[in-house]
*Asks:* 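Here's a structure for you.
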Amino acid sequence: MVPPPGKSACHVEPARPKRAAHPESLAIWSVGLTPLERRTTTPRGVPCQKIRRIHAGLPHRRRQAPRLQRPCRGSARMDLYIPRRCMTGVLRRSSILSLLAGALLLVGCDGRSEMLGRGGDGSDGGGDVDPPIYTDFDGGTTTIPPGDPGCDLKAYPAITLEEVKQAFRAQMYPKLTVCAGCHRDGSGRRFLYADTADETFDLAMDVADSHSLSRHPHLSILGRLMSKDPAVRMPKGGQLSDADIAAVDEVTCKLKAYLVNRCGSGGPTPSESPIRRLTRLEYNNTVRALLAEASEPATAWNAEGSALGFSNNVQSLSVSPELARQIFMTAEDVTSPAKLTAAELTALLPCAATGGEACARQFISDFGLRAYRRPVEPAEVTRLVEVWKVGNAAAGFERGARMVIHAMLVSPHFLYRIERGNRAAPGEVVQLTSYEMASRLSYFLWGSMPDKTLLDEAAANRLTTAAQISAQAKRLFDAASPDAKRMAWNFHAEWLGLNSISTLTRDGLTNWTTLRGPMRQETLKLAETVFWEKGDERQLFTSDEYYLTPALGTLYGVSGVTGNYAATKMPPERRGLMTQASILAINSFEDSSSPIHRGKFVREKLLCQPLGTPPDDVPPLPAAIPGQTTRERLSTHSGVAACSMCHKSMDPIGFGLEGFDQVGRYRTSEQGKAVDTSGAIFATMDIDGSFNGPVELAERLAKSEEVGSCIATQWFRFAHGREYLPLADSCSMEQALAAYRASNFNPRELVLAITQSDAFRYRRVSGGTP
Amino acid sequence: MKRLSRRTLLRGAGSIAVALPWLEAMEARAQTPPKKRFVGVFTPCGIVPATWYPTGSGAAFTLNSATTPLEPHKAKLLFFENISNKAALNGPGNAHARGTALLFTGHSLSPEPLFGEAGWNQGISVDQEIAKAIGGATRFKSLEFGVQVNQNTNTGRISYAGPNLPLEPQNNPKVAFDRIFSGVTGGGTPDPAAEALRLQRKSILDSVKADFAALKGTLGTQDNQRLDAHLTSIRELERELIDVLPPAAGCVKPADPATSDPAVVADFMREANFPRVGALQTKLLVTALKCDLTRVATLMWSRGVSLVVHSWAGAGTTNHHALSHLIEDTQTARDNHTKITTWYSQQFASLLAQMDEVVEPNGKTLLDNSVVLWGNELSNGDTHSRNNIPFVLAGSGGGYFRTGRYMKYANTPHNNLLVSCLNAMGVPATTFGKPEFCTGPLSGLTA
């Protein structure tokens, strides 16, 4: 259907929904605005104040007069500006292919639907229609409960991917032509689907399996396609009948059934295993273990990119010429007599230096086994002997030995973890070799090279069965191991974004620069205690015990703190992670709290729902009123559909933490008004609804399975140095999650279970087509 | 005239520090045609349109207030109207990420949400494309300088060796100095110890290269690309450490920043040191060009979404990015933002002045023989506009461009400008970056 120019079919807007806005959401979103103000500030062509300064992290200013910049609506093309950003990873890619992929794959292997069938948002940027306000965060009226009663997975016990594709071809693809009426780019190209149904399906699968789409709150596209609510239903104008919608639903149900059925039958389904360069941290740990070199020499290297919050993402570990130089010079330095003394070098030799070349060979094999974490191949020994000869000729055996170590430390076999021991055709699934498993275990659990026991087990090929791997994982990942504790510490620092605090500035504390370090430390101490001692991840959110320094005690208004990081019972307003100064301050503006960033933290870090950054050209908001509280100021977000589209996911969560200022101090009033800590959370699997204050928020987060599975996802990313891929990894994730649940959310059990999963034990052979 | 094979000569000499009189003479004769250089400069957060774009057109134009520091170089400049970063209008990533990463690449960001919503850029940058063509004659194929680039994501990188291969700018002037001028002494006889070290390093690098060669093709496509990129870096390192191409005759090593500015070097990421770090990096960059240690360099000031407070420019206490979001609102913001741009113009003018002081054997200056392209993340920072990017091109590329003009175009993709730069440097390209955003070199630029 091609819309006529000017007035397109997509703008045949159905009547506004008659139902009243949800009282809860109104309470949250209309603070500070009377009904009259709401009306006068949100007609079509909204006169507004810019909110860009909020996005820019600016202190808030009062405006004299509102500026009429542009209407808060997009123009006739959907892809212009408003909703795109918020639909992270979906519309942003300007391809509704990906959107389709997201819709298709909103499932986990346990058969629970993760599809978030919240109604739409009424702000599709579709043109000169009056934006429906407040229909978007009703938080319940269109919820599809977990379990997705519309989809009976048992109906398709043995469905194949080919059959799903057939269903797509017959039932879903023809419907997409309707969407292309509006969803096209400026030059009229549709960006919804490929030329053929099969191509579209394959592309959708590719997209789904390359990117994290499965957990986004705005992947409500399918919800919109299926919605019975005319205000939110896509396509607009009722082009799809209920029968059409049911047909679309059936296709997605079949895909879910396929994904569920394949787990546990037909063998493991791992992903490819990209080569992984040692991070600076891993390098430091490795040379400490290998050469007793404790100076952490890689710290001065050019930093790896920080991706998905983690520094070990394979996509961000490329080697530039300058880094290659740093790696080379570090190796030269740590093998120099100043760093590796003659006595230390002799201790590394398996034979007397008088043995000449024969001893050099033996040294290369022995030391190489540890450096390469596998036996050195004969051709490699030959090459390294040549290196030794150059040094030996110039300055004797010792120089040759140093050069051998230097050469190993710059070899790809040391710098990367390369898994190609078990050969097979590309696309085939193979198990890791015992040596490869030794490295996977040691780098995941210790962030360092395999120890002697692991290498001995590998030499005996005893790292292949689940039991063998489990035994070693348990040995390594023990509370008594400083390596294990350091690794978990590092995970929490990166996951929770705590490392950024060292560069942040916050107003209102004279001792901010000396206190921000302890703030970070305190949170990591809590995480460590929960992880290793309490053994129940939910306590990360609910613990009433913090680990304080006297200065932190003063900040929190807790007296009698002595010693460093002493366990201290907290007053009733503080519970767990979310009310710690580090989290509150990092997720604030310089001069005020930020419910936005605090909500974003919950979305991205705890629910694994990436939101992205604000759009390029954020539409303006109504003028602020002098004397407003932070909460009131942000209430303007709710009055504009284009803003609320994204901010509904964040602000109401953060409102629950308004009892804490930008440095995490407790407060009961702001701008002379009592602080209102009523909040709400929407678009989650299991903790939707309103709440009051941080403790209720903490209780919700603690009981949420979605939070639990997000924590598992974060560990998965950390373990594999890559994003969790919904299609390829869902069975492995489910294996780990099952153990996590069974252990009552013991995080150590989760980590151990990851080492038992298919994704950890197997790999898909990469390469071109077979 | 064909290039003299200095590399061959020097391998024979086996020397790290060489300044032989006869070589100097041969160098001089080798100078026609001139050695061309390319420098890319990035500054963030857009400009205030009313104070940036010149008035007039063609050769009859008047600089606007934010670029008055460039007045002395006006005859050697090209200003542009309506050259747009069209590649950055859409696609994965936000306006800042695209505006920064695509400035010198004209390509696109990966949709992989590594940094919230996008990943690295998916193409090579123009400086690296040029370096591939002309970077082989010098010790360093290219050098990437940074001034407090404090974000290791796609808003903190402008140079790319290829898809997903960002090149980190070096923020520390001391580290840059040590790398670039290592072994540059200005004369003397070859040091036997240095020669022995060179041979030992060579044997190690040979062994490593053999490791890479044995791995080649045994892994998946992406892994092979990663290893290829690493191997390329090893080859660069080989040139740096083993070939040790000597500096140009008359090269004088600059002062060691650790000696001249110990406090700045000790705290080079501290905001108060921003101007001085920039000055040190500029000096190192110009000297590296002058010494012919490299012919391609980039200089990245801060990063996309810069949070630097430019108090030294008298621009108040609001950070650059925040200020950019107020320029549509208040005159104060426009004034302060303009002060920052004017300050950056001064820094750019300082770079040009230093390059223009160096007279080369063909009688022209280093600046004349170079193409220096200054670009910005955005045009109007308040609206995040990537249209009408405030480019300034300086130097004629050895007489290739006819400078001293204000050129007007009609929303023309900046990829075309990048193609013109490639052509000026002798790279016979007709397209660059994403093909759909490129229609060939800009018209009317050449002499």
Side-chain angles (χ1 to χ4, degrees), chain A residues 50 52-53 55-58 67 85 88-89 92-94 98 210-212 272 274-275 302-308 313 315-316 318-325 328 379-380 383-384 386-387 390-391 394 403 406-407 410-413 418 420 426 503 610 612-614 616-617 723 766-768, chain B residues 90-92 94-95 111-117 119-120 140-141 144 150 152-153 161 164-168 170 179 196 199-201 203-204 207-208 210-212 214-215 218-223 226-227 229-230 233-234 236-237 240-241 307 318-319 321-322 324-326 328-329 382-384:
Chain A
K50 297 198 319 178
R52 286 201 292 272
R53 72 177 53 86
H55 293 145
L58 279 172
R67 177 164 59 100
R85 177 54 35 104
T88 303
R92 193 152 38 68
R93 236 168 277 132
S94 293
S98 39
S210 325
H211 309 295
S212 174
E272 295 178 0
I275 58 170
N302 288 358
E304 50 279 296
S306 167
L308 298 163
N313 190 284
Q315 296 283 6
S316 294
S318 55
V319 179
S320 67
E322 179 158 23
L323 182 58
R325 179 194 175 93
F328 189 91
E380 293 166 341
R383 281 202 291 278
L384 289 164
E386 292 307 309
V387 172
V390 172
M403 284 176 58
H406 183 174
V410 293
S411 164
H413 298 294
I418 300 171
R420 54 167 198 153
T503 58
T613 51
D616 293 357
D617 197 359
E723 178 58 303
S766 51
Chain B
N90 287 298
N94 66 29
E112 194 158 4
L114 298 179
F115 314 118
E117 50 188 322
W120 300 113
F140 302 97
K141 185 168 147 190
E144 291 75 41
N150 57 2
N152 300 310
T153 68
N164 295 316
L165 294 173
L167 297 176
E168 318 89 35
Q170 177 53 258
R179 177 186 180 204
L199 289 176
Q200 289 169 24
R201 286 172 170 176
S203 74
I204 289 168
S207 161
V208 172
D211 282 345
F212 277 98
L215 275 171
T218 66
L219 300 164
T221 315
Q222 283 209 321
D223 287 343
R226 285 185 191 110
L227 288 179
H230 191 154
S233 294
I234 294 283
E236 302 284 313
L237 181 62
E240 209 175 311
L241 296 179
L307 301 181
T318 305
N319 74 57
H321 173 238
S324 76
H325 279 291
L326 298 172
E328 294 282 303
D329 288 356
D382 199 355
T383 60
H384 290 116

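Each chain gets a letter, A, B and so on, in the order the sequences are listed, and its residues count up from 1.
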*Asks:* Of all heavy-atom pairs between B/Ser233 and A/Val319, which one has the smallest distance, and what is that distance?
*Replies:* OG-O, 2.6 Å
*Asks:* Hey, could you give me the CD/OG1 distance between A/Glu272 and B/Thr221, rounded to the nearest 0.5 Å?
*Replies:* 8.0 Å
*Asks:* Measuring only between side-chain heavy atoms, which start at C-beta, is A/Pro274 closer than 4.5 Å to B/Gln222?
*Replies:* no
*Asks:* If you tally heavy-atom pairs under 4.5 Å against chain A, which of B/Ser207, B/Ala210, B/Ala229 wins?
*Replies:*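 Going by pairs under 4.5 Å, I would pick B/Ala210.
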*Asks:* Heavy-atom pairs under 4.5 Å with chain A: which of B/Gln200, B/Glu240, B/Glu144 has the most?
*Replies:* B/Gln200
*Asks:* Would you mind reporting whether A/Pro412 and B/Val208 have side-chain heavy atoms less than 4.5 Å apart?
*Replies:* yes
*Asks:* Of all the heavy-atom pairs spanning A/Ser318 and B/Glu168, show the shortest one and how long it is.
*Replies:*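 Where A/Ser318 meets B/Glu168 most closely, the heavy atoms are O-OE2, 4.5 Å.
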*Asks:* If you look at every heavy atom in B/Trp120 and A/Ser316, which pair is closest and at what distance?
*Replies:*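 Here B/Trp120 and A/Ser316 meet closest at NE1-OG, 3.1 Å.
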*Asks:* Using non-hydrogen atoms and a 4.5 Å limit, figure out which bit of A/Ala394 sits close to chain B: side chain, backbone, both or neither.
*Replies:*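 A/Ala394 touches chain B through side-chain heavy atoms alone.
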*Asks:* Go through the atoms of A/Val410 and report whether side chain, backbone, both or neither lie under 4.5 Å from a heavy atom of chain B.
*Replies:* both
*Asks:* If I compare all heavy atoms of A/Ser766 with all of B/Asp223, which pair ends up nearest, and what's the gap?
*Replies:* OG-OD2, 4.4 Å
*Asks:* Once you round to the nearest 0.5 Å, how far does CG of B/Leu114 lie from CG of A/Asn313?
*Replies:*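 So the CG of B/Leu114 and the CG of A/Asn313 are separated by 5.0 Å.
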*Asks:* Could you grab the distance from atom CD of A/Glu304 to atom CG of B/Asn152, nearest 0.5 Å is fine?
*Replies:* 8.0 Å
*Asks:* Heavy-atom distance under 4.5 Å to chain A: side chain of B/Leu237, backbone, both or neither?
*Replies:*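 Contact with chain A: side chain only.
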*Asks:* How far apart are the C-alpha atoms of A/Glu322 and B/Arg179, what are their side-chain angles, what is the distance that settles it, and do they pass the side-chain contact (heavy atoms from CB on, under 4.5 Å) test?
*Replies:* CA-CA 9 Å; A/Glu322 179 158 23; B/Arg179 177 186 180 204; 3.5 Å; yes
*Asks:* Please walk me through it: do A/Arg325 and B/Glu236 pass side-chain contact (heavy atoms from CB on, under 4.5 Å)?
*Replies:* CA-CA 9 Å; A/Arg325 179 194 175 93; B/Glu236 302 284 313; over 6 Å; no
*Asks:* When rounded to the nearest 0.5 angstrom, what distance separates CD1 in A/Ile275 from CG in B/Leu227?
*Replies:* 3.5 Å
*Asks:* Against chain A, work out which of B/Leu167, B/Leu215, B/Asn150 has the most heavy-atom pairs shorter than 4.5 Å and name it.
*Replies:* B/Leu215
*Asks:* How many angstroms lie between atom CZ of B/Arg226 and atom CD of A/Gln315, to the nearest 0.5 angstrom?
*Replies:* 5.0 Å
*Asks:* Starting at CG of B/Asp211, measure out to CZ of A/Arg383 and round the result to the nearest 0.5 Å.
*Replies:* 4.5 Å
